[in-house]
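Here the structure comes first, spelled out in structure tokens, and everything after it is commentary.
All values derive from a computational prediction rather than experimental measurement. Reminder, nothing fancy here: chain letters follow the sequence lines and each chain counts from 1.
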2 protein chains.
Amino acid sequence: MSQTPIVNQIRKLRFEHGEMTQEALAKATGVTRQTIIALEAGRYAPSLELAFRIARSFRLRVEDVFQWPDS
Amino acid sequence: MSQTPIVNQIRKLRFEHGEMTQEALAKATGVTRQTIIALEAGRYAPSLELAFRIARSFRLRVEDVFQWPDS
DNA sequence: ACGGAATGTACGGTGTACTTGACATAGCCG
DNA sequence: CGGCTATGTCAAGTACACCGTACATTCCGT
């Protein structure tokens, strides 16, 4: 579709959740560490399924973790 | 990632929004009619960006349109 | 009975999300 | 100093989201 205008708060949320490590989040969401690194770096947006899993890991809603320009 | 356990309410919402046509939703969200058909048929889950666009078209939040087993 | 609108299927093709694996660096602790 | 943890990079491969085009079907209005 396009060049990832979607922003996320993953890195910030990781620290707010007890110094959670990238590896820990990766395992909790069932993806590799590479994927978490890429997402935090904003290299691409996650699939909807992964977005759900990440949000659930933080006990938040999708839109609390990911934001999209428009509103 | 996996075999699309994500469910959506697109078809239902289309009708609740003034008999909105698949083509109309496609144009409103910037994708083709094929994509809307595939999503309604549950053939695959949309990208996070498209999920946002669809939700916004209905003036709803992502999780009001798409659901994922887990809760 | 014909025409158009709405929905659906079936191709092949492209871009990208995600993977595995290997290696680099910085910080901390013994 | 030597080793471990956390973070990051690079590269090649797989899976699938989305595209374009073309064609079939059903329904409705005229």
Q. Is Ile37(B) reachable from Leu48(A) through a run of I, L, V, M, F, W or Y residues, each pair having side-chain heavy atoms under 4.5 Å apart?
A. no

Q) How long is the gap from OG1 on Thr21(A) to NZ on Lys27(A), to the nearest 0.5 Å? A)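 Interatomic distance, Thr21(A) OG1 to Lys27(A) NZ, rounded to 0.5 Å: 9.5 Å.
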
Q: Any chance you could measure Ile10(B), atom CD1, to Gln22(B), atom CD, to the nearest 0.5 Å?
A: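 Answer rounded to 0.5 Å: 10.0 Å.
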
Q | Side-chain-base donor-acceptor pair under 3.5 Å for Arg33(B) and dG20(D) | A | no

Q) Side chains of Gln9(A) and Gln67(A): do they bring a donor and an acceptor to under 3.5 Å? A) yes

Is any side-chain nitrogen or oxygen of [X] closer than 4.0 Å to OP1 or OP2 of [N]?
X	N	answer
Arg11(B)	dG8(C)	yes
Arg43(B)	dC18(D)	no
Thr21(A)	dT5(D)	no
Ser47(B)	dT16(C)	no
Gln22(A)	dG8(D)	yes
Thr32(A)	dT20(C)	no

Please state how far atom [atom1] in [X] lies from atom [atom2] in [N], giving the value in whole angstrom units.
X	N	atom1	atom2	result
Lys27(B)	dA5(C)	NZ	C1'	12 Å
Leu50(A)	dT19(C)	CG	C1'	13 Å
Ile37(B)	dC18(D)	CD1	C1'	13 Å
Leu48(A)	dC16(D)	CG	P	15 Å

Q.
I want to confirm an ordering. Mapping Gln34(B) and Leu39(B) to their closest nucleotides on DNA chain D, which one lands closer to the 5' end?
A.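 With Gln34(B) and Leu39(B) compared, the 5'-side residue is Leu39(B).
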
